[in-house]
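What follows is a set of notes on a single structure, which appears directly below.
Just so it is clear: chains get the letters A, B, ... in the order the sequence lines come, proteins before strands, and each one is counted from 1. Since this is a predicted model, take the numbers as computed values, not measurements.
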2 protein chains.
Amino acid sequence: MTTIRDVAREAGVSIATVSRALRDPAIVKPDTRAKVLETAERLQFRPSHLGRQLAERRHAAAGVVFPDLSGPYYADVVMGYESVAAEVGRSVLISSTRGRADVEKQVTDMAGRCDGLVILGPAVPEPLVQHLKATGTHLVLVARPADAGIDSVSTAATSSATALVRHLLDDGARTFVFVGDPAAGPDVADRHAAVSQALAASGEQTRMSILPVDDLDETNGRRAADALLHDTTGTRTPHCDPSSTLPDAVVCANDELALGLLARLTEAGQEHRVRVTGWDDVMAARWAGLTTVRQPMRELGATAARLLEEQLDGTRTAPRHELLDTELVVRTSSTLLGKEPA
Amino acid sequence: MTTIRDVAREAGVSIATVSRALRDPAIVKPDTRAKVLETAERLQFRPSHLGRQLAERRHAAAGVVFPDLSGPYYADVVMGYESVAAEVGRSVLISSTRGRADVEKQVTDMAGRCDGLVILGPAVPEPLVQHLKATGTHLVLVARPADAGIDSVSTAATSSATALVRHLLDDGARTFVFVGDPAAGPDVADRHAAVSQALAASGEQTRMSILPVDDLDETNGRRAADALLHDTTGTRTPHCDPSSTLPDAVVCANDELALGLLARLTEAGQEHRVRVTGWDDVMAARWAGLTTVRQPMRELGATAARLLEEQLDGTRTAPRHELLDTELVVRTSSTLLGKEPA
DNA sequence: CTGAAAGCGCTTACAG
DNA sequence: CTGAAAGCGCTTACAG
């Protein structure tokens, strides 16, 4: 490998001059500079990042930690992050924590290779976040409950929940079931709260019960459908008023749940009797005609990148908390109009 | 930051001893070692990766270059890669090339931060791959035409194409249209060739024409549907025998194409008249009931990681080319049985 | 404008 | 088994 010494010797200058000519052209005499550049070019000199980084005591890299990249959500956030990071010349390290036993080691190790860390959602347990904060790691939290002292970017459920509720009310819905356990995590709690409040604020006479599920996957969506269907046939399940029948609308905590539920309802020939909505807008939602709430995923990543840059270049020291808006996407699953009557 | 010197001073030994105690316990006297470890622990010493890497002249990192992470394909490959890399303690850098003007700079820069590079699909133009090879960069090519001198992992279309053709023939199909331009890229060419050969080898009297499209997206899938439908109403399009009607089966070069085509056919009320298949098995394929060919995406990534490790630790010098098998996933789109007759 | 030198934080022959 | 020293490849005060 050719090093800065080779270039210096060949060009007949000191390594300091080579370094300067390459980094800050202004402080070197034009002829000297030309000579150095020519030599560097001829020898195909590529400065070692390692040497430079050690001298500068910075990595010019940031790490992104996420649970998983399956499913479009985090993948898109990472893309948004990477595109901004690339612009400012910062490399991106990634690390997935799902199913890993040694998350602590994994993340602290990564912290040692980066100038800062971006944490997506529940990728890292809270105590570890606090530890990183305490040890002075530059952090940005994405789509995760904010800590007053740490930069964060999240999405706001409020406006979409209001739009969603308005839409369902307009279609005639008055009784609602929320599928998902608000106690299971901040995301679900947030969505549930937003929908509840939107209902309360609507001024309409409505009612919403909760059908808790543990994992937000298709299987549980199907189970939820079964639970709802049984209610109408007299089998009581605890989550609902015993006198209930199928609700007018089922608001699911995420799309997978909604897709499973929709599939089961369709199999049972009951899909025309209930409005169904999801949350996230995964790709399959489009094909299933699922009304849902879209998160600005790439923008989440891009914003995180900008926040981290501001921290690292010292532009800003006070923590900032960005709140991005979500968007209601109306498709066919949320309306009874035009469907076969019950 | 606490460095190796702090630990050495505090423990009353030399930095060499600290280094040894931490890396190779065996060559240090037990008491000394215990003292060092205790001190390191107490001072919360984390060895600087930068210092270590410069001394060892290795990055303990690999770079993965891909076109994009939208869509599940490359995201899953990256996940497969990352999980193996994490096991062997190698960090993963990522870089997306889609829409980037300075791919060469971007990739060579990344090469300078890594011990090796994994290139997914068409992320990097061939001349650049050759340049990297020439400059001695450790490389693994994934899902991309192989170079005899470079490690590679790809999937084989043959067995799935055979299964796909067998399946369609069994359902009664004899006339086929392949949607996609084999001249547009190696993937499509490969798939087309595999299907053609499977048809030829079937011993049946069949015919397959090509309906070329440039981008493999939904919009073009819809257009392809329109082209096929027009053929049946007398409007001639150049790709088909003038006497043709709707073919028995439409084999699409990827799922997006197939999904768009399927959607358009459904709108036109003609979905029961033709069998449709895709390729890739994206998530939406499941919801659309699309028969398709699944690639072992995570396994592609994991295999790439193993190949790169073998290169880097010198276990193996001769290039290896892995070929993973694909799998036919039969759903409803590929059969006319049970559908409304024409 | 340029060079000699110190330093970034480690590892590892080389002596002892 | 341990230490002093050289070295990994850069950057950047400090002199001149």
Side-chain angles (χ1 to χ4, degrees), chain A residues 1-40 43-61 89 91 108-109 111-115 135-136, chain B residues 1-40 43-61 89 91 108-109 111-115 135-136:
Chain A
M1 210 193 64
T2 108
T3 76
I4 199 173
R5 302 208 114 79
D6 301 320
V7 180
R9 188 180 342 100
E10 195 75 11
V13 299
S14 73
I15 60 167
T17 299
V18 175
S19 176
R20 290 188 191 111
L22 258 35
R23 333 191 66 241
D24 187 353
I27 61 176
V28 140
K29 195 162 57 168
D31 330 4
T32 318
R33 173 160 187 255
K35 191 172 50 180
V36 169
L37 291 189
E38 181 272 320
T39 317
L43 300 187
Q44 301 227 54
F45 172 59
R46 307 258 170 267
S48 152
H49 284 106
L50 247 30
R52 174 172 293 181
Q53 285 159 18
L54 186 56
E56 293 182 341
R57 310 172 83 199
R58 53 171 293 215
H59 294 83
S91 296
T108 52
D109 185 83
R113 296 166 169 274
C114 297
D115 302 313
T135 54
Chain B
M1 211 191 65
T2 108
T3 76
I4 199 173
R5 303 208 113 78
D6 302 320
V7 180
R9 187 179 344 99
E10 195 77 10
V13 298
S14 73
I15 60 167
T17 299
V18 175
S19 176
R20 290 188 191 111
L22 259 33
R23 336 191 65 241
D24 187 353
I27 61 177
V28 139
K29 195 161 58 168
D31 332 2
T32 317
R33 173 159 187 256
K35 190 172 48 179
V36 170
L37 291 189
E38 182 272 319
T39 315
L43 301 187
Q44 300 229 55
F45 172 59
R46 307 257 170 268
S48 152
H49 284 105
L50 247 29
R52 174 172 292 182
Q53 285 160 18
L54 186 56
E56 292 182 342
R57 309 171 83 199
R58 51 167 291 198
H59 294 83
S91 296
T108 52
D109 185 84
R113 296 166 170 274
C114 298
D115 302 315
T135 54

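Between Arg20(B) and Phe45(B), the residue anchored closer to the 5' end of DNA chain C is Phe45(B), taking for each the nucleotide with the nearest heavy atom. Two residues, Ile15(A) and Val28(A), neighbour DNA chain C, and the one matched to the more 5' nucleotide by heavy-atom proximity is Val28(A). Mapping Lys29(B) and Arg57(B) onto DNA chain D via the closest heavy atom, the residue that lands nearer the 5' end is Lys29(B). Each of Thr17(A) and Pro30(B) lies near DNA chain D, and the nucleotide nearest Pro30(B) is the one positioned closer to the 5' end.
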Walk me through it: do Val28(A) and Val36(A) pass the test side-chain contact (heavy atoms from CB on, under 4.5 Å)? CA-CA 10 Å; Val28(A) 140; Val36(A) 169; over 6 Å; no

- Task: Apply side-chain contact (heavy atoms from CB on, under 4.5 Å) to Asp6(B) and Thr3(B), showing your working.
- Result: CA-CA 5 Å; Asp6(B) 302 320; Thr3(B) 76; 3.7 Å; yes

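Residue Ser19(A) is classed as a base contact, given a heavy-atom separation below 4.0 Å to a base.
Using Watson-Crick or G-U wobble geometry with both donor-acceptor distances under 3.5 Å, dA13(D) finds no partner in any strand shown. Shown here, dA4(D) forms no base pair; nothing in the strands shown gives a Watson-Crick or G-U wobble contact with both key distances under 3.5 Å.
Checking side-chain atoms of Ser19(B) against main-chain N and O of Ile15(B) turns up no donor-acceptor pair under 3.5 Å. A donor-acceptor pair under 3.5 Å is absent between the side-chain atoms of His59(B) and the main chain of Ala111(B), judged by distance alone.
First and last contacts of DNA chain C with chain A, using any nucleotide atom under 4.0 Å from a protein heavy atom and ordered 5' to 3', fall at dC1(C) to dG9(C).
One C1' atom belongs to dG16(C), the other to dT12(C), and the distance between them is 16 Å to the nearest Å.
For the pair His49(B)/Asp109(A), a side-chain contact is recorded, criterion being any heavy-atom separation below 4.5 Å from C-beta on. Taking 4.5 Å as the limit, some side-chain heavy atom of Thr17(B) sits within range of a side-chain heavy atom of Thr32(B).
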